[in-house]
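To keep things clear, I will list the structure first and then write my remarks on it.
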Amino acid sequence: MLRWKATLSSSSICRLKRGSKTLTTSAPDAASIASVILKSDSEAQIQTLAPWTPDLVNQVVKRLWNHGPKALHFFKTLDRHPAYAHTASSYDHIIDISARMRDYKTVWALVAKMRALRLGPSQKTLAIVAERYVAAGKPDRAVRVFMNMHEHGVPQDLNSFNTILDILCKSKRVEMAYELFKMLRGRFRADAVTYNIVVNGFCLIKRTPKALELLKEMVGRRLEPTLTTYNSMLKGFFRAGQVEEAWGFFLQMKKRKCEIDVVTYTTLVHGFGVVGEIKRAKKVFYEMVGAGVLPSVVTYNAYIQVLCKKDSVEHAMVVFEEMVRKGYVPNSTTYNVIIRGFCHAGEMERGVEFMERMKSDECEANVQTYNVVIRYFCDAGEIERGLDVFRKMSEGKCLPNLDTYNVLISAMFVRKKPEDLLVAGKLLVEMVDRGFLPRKFTFNRVLDGLLLTGNQGFAKEIMRLQSSCGRLPRHFRM
DNA sequence: ATAGGGTTAG
């Protein structure tokens, strides 16, 4: 018990200095605990590391999100704890992680165990599994999970129907969602939410005419379209490049006395901005207040982002300062958008500076922050600086994700240095170790590089690694 | 975890 106090106190004090929001994370700091777990395999040490509570366990699991095998090891270790018992939500998290690693044997073993313990599975649990199947390119298996829900003791109803449709739509499997929708809308009594999900799906794949058709069908079935329906359509027009249609649709919304909200305005600001219509974006941004709708942090983020992309980061900074002056609290997206703006303008130093400013604020640099800076350093040919930031990441208790590894591995090919290929190989080993599945392309590129630079031995090792990736599961069994 | 707005990258 003394152990966690000794290891954790210094970092806790650091976080207290600015005194405000981080305080919600109480004494046993999940970040510090996670970093101890990353270094330790000792069952006894993990079990006695903290006074475990469901909330703390979930926080630690989240910190280990990008190191699946460690997360599983942690879960399994606590499962053997004499006094602690996992909750349904930690099962959901660990099932999510296992499914992301495509370790379906473990996934279903955990689902079975959950059921044996009468902790679930819930509709949410199965939604997680279905979503991961779709993400892994297996939408048919996702649909099967939905169709067989009752076999897991989970009721199949309108909620779960809407959820599976949404999962399919969000992954752009809109056609499949639509087939399922047509087949089962009668049985489940499709409601306005069901229609909104499918309308939004067709908007996501830029099929606005089909989305409009469904909107009309909705009215025909006496289901009143909601503001959500209209906002989805509006976004869809922008996405499809139909800027004037979007504006016309907005005018119709106003004319029909629709209660236009902050989401509507944010969609307009962002939509005009991304096509370079900064004047119109600005006009909307400053007119919304007159219309009685206050911008949110998200609205500011959208506006700042489009200024960075289509105007200048200097103007974006003016808006950022205005936002702070008005009492808005920038979040990590705000910072990331600004940092990207500086990097994109070639002002890497100011980007890095802003990263520090973010840390001293209530925001911590997250994996996206690091990815942006690493990417731009590498793009600028400053490979060493990119690697430096990567190293800093591990000190900063932020685990790299798939993007981080992909960006860095690609960067290892630009200087044509044999040493870089060794680094690429090491990164590849590390990413597999952490539960990420590299693309075939990545394996081949690294293999070619190693063979060309005379590293036959290492190349062989990588080949063995690649074949072991095909034989999942490899990390864990209950 | 039943629906809509803001983060990579051309």
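Chain letters run A, B, ... following the sequence lines, proteins first, then strands; residues in each count from 1.
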Notebook entry, point to check: In terms of heavy-atom contacts, does NZ of A/Lys182 have more than 12 from other residues, nucleotides or ligands at under 6.0 Å?
Noted result: yes
Notebook entry, point to check: Do the charged groups of A/Glu217 and A/Arg221 touch, with an N to O distance under 4.0 Å?
Noted result: yes
Notebook entry, point to check: Is the shortest side-chain N/O distance from A/Arg375 to OP1 or OP2 of B/dA9 below 4.0 Å?
Noted result: no
Item checked: For atom CZ of A/Phe250 and atom P of B/dG5, their distance in whole Å -> 17 Å
Next item on the list: Check every strand shown and say whether A/Asn200 touches a base, only sugar-phosphate, or nothing at a heavy-atom separation below 4.0 Å.
Entry: sugar-phosphate
Margin query: Does A/Leu165 reach a base, just sugar-phosphate, or nothing at all? Heavy atoms under 4.0 Å.
Written below: nothing
Checklist line | Euclidean distance, atom CZ of residue A/Phe202 to atom C1' of B/dA3 [Å, nearest integer] | finding: 16 Å
Next item on the list: Please evaluate the base of B/dG5 for a donor-acceptor partner in the side chain of A/Thr264 within a cut-off of under 3.5 Å?
Entry: no
Note to self: Between B/dG6 and B/dT2, how many Å separate the two C1' atoms, rounded to a whole number?
What the structure shows: 22 Å
Check: Reckon A/His270 has a side-chain N or O less than 4.0 Å from the OP1 or OP2 of B/dG5?
Finding: no
Checklist line | Phosphate-side-chain proximity, A/Lys309 and B/dG6, N/O vs OP1/OP2 below 4.0 Å | finding: no
Checklist line | Whole angstrom value for the distance that separates P of B/dG5 from CZ of A/Phe285 | finding: 18 Å
Note to self: I'd like to know if A/Asn331 reaches the base of B/dG6 with its side chain, counting only an N/O donor and acceptor under 3.5 Å.
What the structure shows: yes
Notebook entry, point to check: Rounded to the nearest Å, what distance is computed from the NE2 atom of residue A/His344 to the C1' atom of nucleotide B/dT8?
Noted result: 12 Å
Check: Would a line drawn from the ring center of A/Phe354 to the ring center of A/Tyr335 be shorter than 6.0 Å?
Finding: yes
Item checked: Donor-acceptor pair present, A/Thr266 side chain and B/dG5 base, under 3.5 Å -> yes
Next item on the list: Run the ring-centre check on A/Tyr300 versus A/Phe285 and record whether the distance is less than 6.0 Å.
Entry: yes
Check: Which whole-number value in Å describes the distance from A/Ile197 CD1 to B/dA1 P?
Finding: 13 Å
